[in-house]
Amino acid sequence: MVKIPEEIIPAILSKNIEDFKVDLNKLLSSKTLNSGWVHVDFMDNILVPNKSINPDDLANMDFGALKKEAHLMVKQPKSWIKRCLELGFARIIIHIEADEDIAGYIELIKRGVAESVLAINPDTDIKALEPYSQIVDRVLVMGVTPGFQGQPFVPETIHKIREIKSKGWPVKISVDGAVKDTNAGEILEAGADSLILGSFLMKGDPDENLAQLLKVLEAF
Ligand code: DX5
Ligand code: ZN
């Protein structure tokens, strides 16, 4: 049996604010996912080939008891980080594939009293994370090349999680992209602390989907 993680986090990836509100309302009216974290995907159409809502679209939006984490799939994260901090995001994820000053971005996030997270794409070697391994709070391993929900899982992700775990860095590990009931056990066994699920939790009824995931994990 695998340990049920403290954080099973629903992801919202929306092109427009109307779609975002539909998903947010699903979570707010859910019985099991109306508190805890919500993962909000932001894209610039440069680092990844897709666009999303902007942080500004979320000003004045009521998230109830949900804590917000921002996944910044953007090439130049500085202004996005600043805006997300102003909007009360408590965890901010930037990509190791972003431009230049990764250490500066981590510092900016920490100064804003948020948790700093470095995401890594399937095609990037974990060597790239090494210089930041002692200053960042968490690493997010992508199980897909980012940009879209509902893609197939890249199997090498499991090896990558194990590799990071074996380094003994003082970081938590999140996994995002194509996480579902059929691979969550293996992902946790490899060393993940937190799971982020988009289409698996958000399609249909989130409460039923979470129950299904927990059932599988309890039997794993
Ligand atoms: C992918 C995003 C993920 C996505 C997860 O680019 O960063 O957070 O919303 O959705 P699924 O779980 O469907 O891959
Ligand atoms: Zn994401």
Side-chain angles (χ1 to χ4, degrees), residues 5 7-17 19-24 26-27 33 36-55 58 66-75 77 80-81 84 89-98 109 114-124 138-158 160-161 172-188 192-206 208-210 212-213 216-217:
E7 298 182 358
I8 295 178
I9 305 177
I12 305 183
L13 184 157
S14 306
K15 277 195 186 302
N16 59 63
I17 197 64
D19 290 351
F20 184 87
K21 281 184 189 159
V22 170
D23 277 353
L24 180 63
K26 257 192 189 187
L27 294 178
L33 289 160
W37 291 94
V38 58
H39 176 101
V40 183
D41 286 312
F42 294 107
M43 301 179 281
D44 63 354
N45 211 15
I46 302 169
L47 189 75
V48 297
N50 199 2
K51 257 201 215 163
S52 67
I53 54 162
N54 285 304
L58 304 181
L66 289 166
K67 291 181 284 183
K68 308 189 286 283
E69 66 172 38
H71 184 183
L72 301 179
M73 291 168 271
V74 304
K75 194 80 179 153
W80 298 73
I81 294 170
C84 285
F89 279 81
R91 184 182 278 166
I92 300 185
I93 303 152
I94 57 165
H95 269 261
I96 188 72
E97 297 84 7
I109 296 168
E115 189 183 337
S116 61
V117 188
L118 259 184
I120 181 163
N121 283 347
D123 287 345
T124 307
R138 177 182 288 265
V139 165
L140 181 148
V141 181
M142 289 301 310
V144 301
T145 298
F148 302 89
Q149 290 198 335
Q151 302 184 78
F153 187 66
V154 175
E156 290 77 27
T157 307
I158 299 293
K160 201 172 221 171
I161 301 164
K172 294 272 189 193
I173 301 174
S174 293
V175 179
D176 180 24
V179 182
K180 41 180 84 76
D181 54 352
T182 49
N183 60 12
E186 211 188 344
I187 290 170
L188 291 169
D193 299 291
S194 306
L195 302 180
I196 296 153
L197 304 94
S199 46
F200 181 83
L201 283 180
M202 299 306 300
K203 264 196 191 162
D205 180 343
E208 278 173 22
N209 300 336
L210 178 63
Q212 162 65 14
L213 175 67
V216 171
L217 288 181

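The shown structure was predicted, so the numbers you read here are calculated from the model rather than taken from an experiment. One-based numbering, in listed order, for ligands and for the atoms of each. Basis for what follows: all heavy atoms, side chains included, without hydrogens, waters or symmetry-related copies. For this chain, numbers begin at 1 and follow the sequence in order.
Residues passing the side-chain contact (heavy atoms from CB on, under 4.5 Å) test with Asn121, sequence neighbours excluded: His95, Glu97, Thr124, Met142, Pro146. Thr145 is linked by a side-chain contact (heavy atoms from CB on, under 4.5 Å) to Pro122, counting only residues two or more places apart in sequence or in another chain.
Under 2.8 Å from the Zn ion (ligand 2), one finds the following protein N/O/S atoms: His39 NE2, Asp41 OD1, His71 ND1, Asp176 OD2.
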(message) The test is side-chain contact (heavy atoms from CB on, under 4.5 Å); show your working for Trp37 and Leu66 and say whether it passes.
(response) CA-CA 6 Å; Trp37 291 94; Leu66 289 166; over 6 Å; no
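Going from atom CD of Glu69 over to atom CD of Glu7 covers 7.5 Å, rounded to the nearest 0.5 Å. Rounding to the nearest 0.5 Å places CG of Leu197 at 9.5 Å from CG of Asn209. Atom NZ of residue Lys172 and atom CZ of residue Arg91 lie 9.5 Å apart, to the nearest 0.5 angstrom. Between Asp176 atom CG and Ile120 atom CD1 the span is 13.5 Å, to the nearest 0.5 Å.
Shortest non-hydrogen contact noted between Cys84 and Ile92 is CB-CD1, 3.8 Å. Met202 approaches Lys26 most closely through the heavy-atom pair O-NZ, 2.6 Å.
Residue-level contacts of ligand 1 at the 4.0 Å heavy-atom threshold are Ala11, Leu13, His39, Asp41, His71, Met73, Met142, Pro146, Gly147, Phe148, Gln149, Gly150, Asp176, Gly177, Ala178, Leu197, Gly198, Ser199.
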